Structures are given as C-alpha cells and as structure tokens.
Amino acid sequence: MRITALPYIGCGKCRACLAGNPHYCPTRLNTGTEDIAGGYAEYVKVGAGSCLPLPAALSLDDGALVEPLAVGLHGVKRGGVQPGDRVLVIGAGPIGLAAAYWARLAGASRVAVSAPSTRRQPLAEAMGATAFIAASDDAALAAASEEALGGAADVVLECVGQTGMIQRALACVRTGGRVVVLGVCLQPDTFLPLTGLAKEADLRFSVVYDVAEFQACIDALDAGHVSPRAMITDTVSLADAPAAFEALRSRTHQCKVMVTPWAGPSLNRSDRAIPEPMPTP
Ligand SMILES: [Zn+2]
C-alpha cells in the first residue's frame, strides 16, 4: 500500500495520544533523530498509527509534500485565519508557501508573501499569494504589506526563523491582530514588547501537526488543489543526494528536492511548468 507517514511515533496510551495529538506525547519517538533512523534510505520504520494511505490519484511525490503542507496548515489554524482576512506570510520557503496555500484555502481575501528577492514570486503566486513583496526592512515591509493587503494584516505568519523576524511580524500586524511563529530560530532573539503591546497583538507559536491535519492535506491534494506540486523542482537518487545537498549551499532555483531510492540518474524537473495562480475561493 502506498502511504505517507507522520515522522513521529506516540506511545498510543497517554492523554495526548488518545486525544489525537501524538506530537504532544511526552515519550514520542521522532524519525530522523537518535530515536529512529530517518529517511535517505530505501526503508524507514514508521508508526502503524502514523500511516495514512494515499488515494489512487496521488503520487509518492504528493505523499512527500504532505508533511510541509501540514506544517503550514497547523500555522494557519493557530492563526485562526477567517474568510476575508488579510494575511501576511514572511518567508517564501516551502513552509511559507504552504502557509500561503492554506491561508487562501481558509478563505483569506488577500495573502501577501514577502522575501528578500523576487526569486520565489512565481511559486508564491501559484500557491495562492495575491501579492509578493521584496522588502528588506521592517518599516518598508509594513508599508508595502498594508498597501498590498488593503490594510494592516489581520494575521502575520512568520516562516523564516531568523533573529528580528518576530519584531518584523509585530510591526506589520494590525491592532488586535495575531502573529504566529512557524520559523525555527535557534538563537536568542529580541523584540520590542511595546510594538506588540501598543497593538494588543497575540503572539503564538506553531509546531508540527496532528494526524487529522495530515489527512486534511491528503484530502486537499486529492480534491484537486494540486498547486503545491510546483514546489518540486528536482528529483535525485540516493547516490546523488550528497551532491544535491552541496548544491543547496549556493543560491539556487531549487525549492523541494525529492530523493528517491528507486531512481537511477537525476531526473531534472527544471522544465516543469508552474501552474496558473489559484482562483479566488
Ligand atoms: Zn503518548
């Protein structure tokens, strides 16, 4: 059976697991850590309860897109995005793009994605962004975001994970709005509390997803919302994976590189057409 699987195994017995939230399980095992060996192999051990079958219309590539999509979905849900909302996504990596995708599917009327360069603009628009902003400082982004969204953002989704991004998000959110941090920042960060306090903004954090969110991503792809396929820019064999990692050190057009243990030579997908922007829901 073709499946996709959550990359952790809950105990199945604790309060969190029984509530369908194995990611909160205090004794969960994480794939790709010292708990369980991860991918980049022909086979990997996953939890039986973490396996979700792929519908016939979906490929294994689609199955691999479910995980980053689920990260974006969880963030959009944490942000309480409502129909008609103005949403700003900071960062145009796979998680930012997934957040833009789900914000549009949640009914956001306008979704702006920001990044330092316009390199990801076509992808962001394919994923549902109604505007793309290449801005380098907080004040410029806040002004450009307000113009693109027709007002200050109801929800800001921070998908970069570098220092200064929480301050940037707080600078862009509307009074009474919500900031959700999805970016994984590994360094101490500072922000001016007054910026958030003056707006009485909510600041929330978002990590991973639950089983239901994984299933929701499968269902969305199966329902024909297949724009995330545009994120797949290359497929490499296991043997070519180290070289593919090296190539990512420099500026690249790659977004999601698939590693397949069953392929021979690299199958270059750079000629893959980017689909038309998603219609307004
Ligand atoms: Zn548990």
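Bear in mind that the values here come from a model prediction, so they are computed numbers and not experimental data. Along the sequence shown, the residues carry numbers beginning at 1. Quick note: numbers below take in every heavy atom, side chains included, and nothing from hydrogens, waters or symmetry partners. Counting starts at 1 for both ligands and their atoms, in listed order.
- Near-neighbour remark for the Zn ion (ligand 1): protein N, O or S atoms under 2.8 Å are C11 SG, C14 SG, C17 SG, C25 SG; waters not counted.
- Residues that satisfy the side chain to side chain donor-acceptor pair (under 3.5 Å) test with T195, not counting sequence neighbours, are Q167.
- Contacts of R78 classified as side chain to side chain contact (heavy atoms under 4.5 Å, CB included), with partners at least two apart in sequence or in another chain: H74, V180, R204, S206.
- Listed here is the closest heavy atom pair of T31 and A37: CG2-O, 3.8 Å.
- A salt bridge does not link K77 with D210: every distance from a Lys NZ or Arg NE/NH1/NH2 to an Asp or Glu carboxylate oxygen is 4.0 Å or more.
- Sorted by first then second residue, the ring pair (Phe, Tyr, Trp, His ring centres under 6.0 Å) pairs that include residues 40-71, not counting sequence neighbours, are Y40-F245.
- Shortest non-hydrogen contact noted between A99 and C159 is CB-SG, 4.2 Å.
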